Amino acid sequence: MAFIDFDNINISARKKGLKEIDFNKLREILLNGYNCVGCSVYLPDKLKSLIPHIQKSGLSVSIVSPNKSVDGRLIFDLLVNAYRNTFDVAIIASGDRDYIPVIEHRKSQGKKVKIASFESALSHGVRFVADEVLLLDDRLTDLSRFKRVYFCPECGKEFTDSHKYFNGYTPKCPDCYSKTKSKDM
Ligand SMILES: [Zn+2]
């Protein structure tokens, strides 16, 4: 079961230049290989305009009112579902240290907890206690809702990139780019 602390993910994503997250892709990345029994996005009240977009991607949304804490709500849901034994592996998309006690609790019951976070938002404690850490930094292009289509100047292949380059500069496709890099070494 996946629990997404949206603010935590979004703040780091924006710092990395990612303006809008593709929630379908995010779910796919988080659940990679796991059977999905539920995927919830926890949103602070101020971001409720995102609800239709998130629901269209097939995820459920929990809105947290302005004076309540998002992590408190997420932890409550996680524990209620754990008590009902509805899931096995907990996937938490956040690197916030507030989740350390709940991660430790799950682990003390012999259950697995996977964390997905951007490196800048990943606290040392979380990195230490989680069974598995997925760094979202490596998946930045996949996570972008808006992808630009380029044609590689070297091999002519079409590819997508979320990055906007300077006028007149055409990037090489990832294959040609890595070839150039390995030649340099
Ligand atoms: Zn190429």
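Here the structure is a predicted model, which means the values were calculated and not measured. Start at 1 and go down the list; that is how both ligands and their atoms are numbered. The figures here come from the full heavy-atom set of this structure, side chains too, leaving out hydrogens, waters and symmetry mates.
- Excluding waters, the set of protein N, O or S atoms lying under 2.8 Å from the Zn ion (ligand 1) comprises Cys152 SG, Cys155 SG, Cys173 SG, Cys176 SG.
- For the pair Val126 and Leu122, the tightest heavy-atom approach, listed with the atom from each and the gap, is CG1-CD1, 3.8 Å.
- Under the 4.5 Å side-chain criterion, counting only non-hydrogen atoms from C-beta, Tyr99 is not in contact with Ile115.
- A pairwise comparison of heavy atoms in Pro171 and Tyr150 identifies CD-CD2, 3.6 Å as the closest pair.
- Between Cys152 and Lys172 the shortest heavy-atom distance is SG-CA, 4.0 Å.
- Screening Ile91, Ile54, Ile21, Leu30 for a side-chain contact (heavy atoms from CB on, under 4.5 Å) with Ile4, the sole residue that qualifies is Leu30.
- Between Phe23 and Phe6, the gap from one ring centroid to the other is short of 6.0 Å.
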